[in-house]
Amino acid sequence: MDKLREMEMFGDDGRDGVWTVMANVMDPESLHRAFDGCAGVFHTSAFVDPGGMSGYTKHMATLEAQAAERVIEACVRTGSVRKCVFTSSLLACVWRQNNPHGRRCPTIIDESCWSDESFCRDNKLWFALGKTAAEKAAWRAARGRDLKLVTICPALVTGPGFRRRNSTASIAYLKGARAMLADGLLATANVETVAEAHVLAYEAMGDNTAGGRYICYDHVVKRPEEFAELERQLGLPGGAAAAQGSDDRPARFELCKRKLSRLMSSRRRCTYDTYYSVAFD
C-alpha cells in the first residue's frame, strides 16, 4: 500500500497516477463500488494462507471459485466495465486422469486442455483445484453477458526478488512438482512477461483480436538439477529433485504457448509501427 501511495503522487493531482480502493472480493456490492467508473478489470488476486506450510487449503479452493464468480458478476453489473482480464494458472491446464503412456510423440498441452477437478481433489492438489474451479466459474458467469473476458494461465511466476516474497504461493504451486518435472509440465514465467501478457491481451480485446485462454511461460524445467536450483532460490527444503533420480525417459507432454506468442508478436509489431510513423511524420 505504501508503494501504491507513492505512485499516486505522480501526475496532476493524482489523475495520471494509481488510485487505491479497498474492496472485499467476497462482497459483490463492495466490488461494484470499486469497479464503478473503470473501463476494465484485471482480476489478479488469489487466496494464500501465510501460516500454512502448503500455502493453500481445500477451503481456499472453494473460496477462490466463489470470489471469481462474484468478480465477474460485479463486472457485469458495473455499466462502465466492458473488459476483464482474469489471472488463472497453468495448473488449470495440466493435471489429468489417464495420462497417456507409450506414445511416440508427446501430447500437446494448450489452451484447450483443462485440469481434472476430481484428480486434483483425490491428490490434494488444492492450488490447482482452486485455479481450475475459479477459471471455470468465471467463464460460466461471463457466458452470454455483455462482458469481454480473457484468461491468462501463467506458469510458476518468478523474477528478481519476487520468489522469496511469495514463498507460500510458490510452495502451493509446486505441490506435485516432481510429477510435473517428469512429464515436461514444470515451467516458470518471469513476472514481467506475465504483466506484459495481461496488458497486451487487454489492449487486443478492444479490436476483438484477443479472446479465450492464453498459456504463459518462459522456460520449461527439464532437469532435476534445475529443479533443485529453483528450490534453493525459493528457500524451500531441498533434496526432492535429486531424490527423483536421473530418469532419461522422454517427457509425455509438451507445453504449447503458440497462441500467446502470436498475440504478443502482433501487438509488439503494431506498437512499433505506431511509434515508427509518429517519429517520421
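In this chain, numbering begins with 1 at the start of the sequence shown.
In this structure a side-chain-to-backbone donor-acceptor pair under 3.5 Å is missing from Ser89 to Ala92. Between the Arg178 side chain and the Lys175 main chain, no donor and acceptor come within less than 3.5 Å of each other. In this structure, the side chain of Tyr217 engages the main chain of Leu255 through a donor-acceptor pair within 3.5 Å. A donor-acceptor pair is defined here as one N or O able to donate and one able to accept, closer than 3.5 Å; no such pair exists between the side chain of Ser88 and the backbone of Ile152. A donor-acceptor contact shorter than 3.5 Å is absent between the side chain of Asn123 and the backbone of Leu125. A donor-acceptor pair is defined here as one N or O able to donate and one able to accept, closer than 3.5 Å; such a pair exists between the side chain of Asp218 and the backbone of Asn190.
Lys148 and Met205 get closest at one heavy-atom pair: NZ-O, 2.9 Å. Across all their heavy atoms, Ala74 and Pro28 have their closest contact at CB-O, 4.1 Å. For the residue pair Ser45 and Lys131, the shortest heavy atom distance occurs at O-NZ, 4.4 Å. Residue Val194 comes nearest to Pro154 through the heavy atom pair CG2-CB, 3.9 Å, listed as atom of the first residue, atom of the second, then distance. Considering every non-hydrogen atom in both Glu111 and Ile215, the closest pair reads OE2-N, 2.9 Å. Nearest heavy-atom pair, Leu91 versus Phe127, reported as atom, atom and distance to 0.1 Å: CD1-CD2, 3.4 Å.
Using a 4.5 Å heavy-atom threshold, the side chains of Arg140 and Glu69 count as separate. Between Glu192 and Glu196 there is no side-chain heavy-atom pair separated by less than 4.5 Å. In this structure, Thr193 and Cys216 have side chains that are in contact, with non-hydrogen atoms separated by less than 4.5 Å. Between Met180 and Trp95, the closest side-chain pair of non-hydrogen atoms falls below 4.5 Å. For the pair Met60/Thr57, a side-chain contact is recorded, criterion being any heavy-atom separation below 4.5 Å from C-beta on. Residues Phe35 and Cys75 have side chains in contact (heavy-atom distance under 4.5 Å, counting atoms from C-beta outward). Using a 4.5 Å heavy-atom threshold, the side chains of Glu226 and Thr188 count as separate.
Taken to the nearest 0.5 Å, the SG atom of Cys120 stands 9.0 Å off from the CD atom of Gln97. Rounding to the nearest 0.5 angstrom, the gap separating the CD atom in Glu135 from the SG atom in Cys153 is 4.5 Å. Summarising the geometry, atom CZ belonging to Arg252 is positioned 10.5 Å from atom CD1 belonging to Ile109; distances are rounded to the nearest 0.5 Å. The NZ atom of Lys259 lies 12.0 Å from the OG atom of Ser261; values are rounded to the nearest 0.5 Å. With values rounded to the nearest 0.5 angstrom, Leu156 atom CG is found 5.0 Å from Ser170 atom OG. To the nearest 0.5 angstrom, Leu174 atom CG is 7.5 Å from Glu231 atom CD.
By the rule that hydrophobic residues join a cluster once side-chain heavy atoms approach within less than 4.5 Å of another member, Met26 and Val41 end up as members of one cluster.
Here salt bridge (charged side-chain N to carboxylate O under 4.0 Å, His left out) pairs that include residues 26-36, with residues two or more places apart or in two chains, are Glu29-Arg77. For residues 85-94, the set of pairs meeting the salt bridge (charged side-chain N to carboxylate O under 4.0 Å, His left out) definition, not counting sequence neighbours, is empty. A ring-ring contact (aromatic ring centres under 6.0 Å, His included) check over residues 60-85, counting only residues at least two apart or in different chains, returns nothing.
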Tell me, with the steps shown, if Cys38 and Thr78 meet side-chain contact (heavy atoms from CB on, under 4.5 Å).
CA-CA 9 Å; Cys38 297; Thr78 307; over 6 Å; no
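Contact check on Glu229 versus Arg232 returns a salt bridge, with a Lys/Arg side-chain nitrogen under 4.0 Å from an Asp/Glu carboxylate oxygen.
The salt bridge (Lys or Arg N to Asp or Glu O under 4.0 Å) check on Lys83 picks up nothing, with sequence neighbours excluded. Applying the salt bridge (Lys or Arg N to Asp or Glu O under 4.0 Å) criterion to Glu254, with sequence neighbours excluded, gives no partner residue. Scored by the side chain to side chain donor-acceptor pair (under 3.5 Å) test, Thr209 finds Asp207 as partners (sequence neighbours excluded). Checked against salt bridge (Lys or Arg N to Asp or Glu O under 4.0 Å), Arg121 has the following partners two or more places apart in sequence or in another chain: Glu117. A search for side chain to side chain donor-acceptor pair (under 3.5 Å) contacts involving Thr132 returns nothing, not counting sequence neighbours. Every residue meeting the side chain to side chain contact (heavy atoms under 4.5 Å, CB included) condition with Ala134, not counting sequence neighbours, appears here in chain and number order: Glu64, Ala68, Phe86. Scored by the side chain to side chain donor-acceptor pair (under 3.5 Å) test, Thr87 finds His198 as partners (sequence neighbours excluded). Contacts of Lys58 classified as side chain to side chain contact (heavy atoms under 4.5 Å, CB included), with partners at least two apart in sequence or in another chain: Trp126. Partners of Phe42 according to the ring-ring contact (aromatic ring centres under 6.0 Å, His included) rule, which considers only residues two or more places apart in sequence or in another chain, are Tyr202.
Of the listed residues (Val221, Leu90, Val220, Val94), just one forms a side-chain contact (heavy atoms from CB on, under 4.5 Å) with Leu185, and that residue is Val94.
Figure legend: cation-pi geometry between Arg213 and Trp139 absent, as NZ or CZ is not positioned both under 6.0 Å from the six-membered ring centre and within 45° of its axis.
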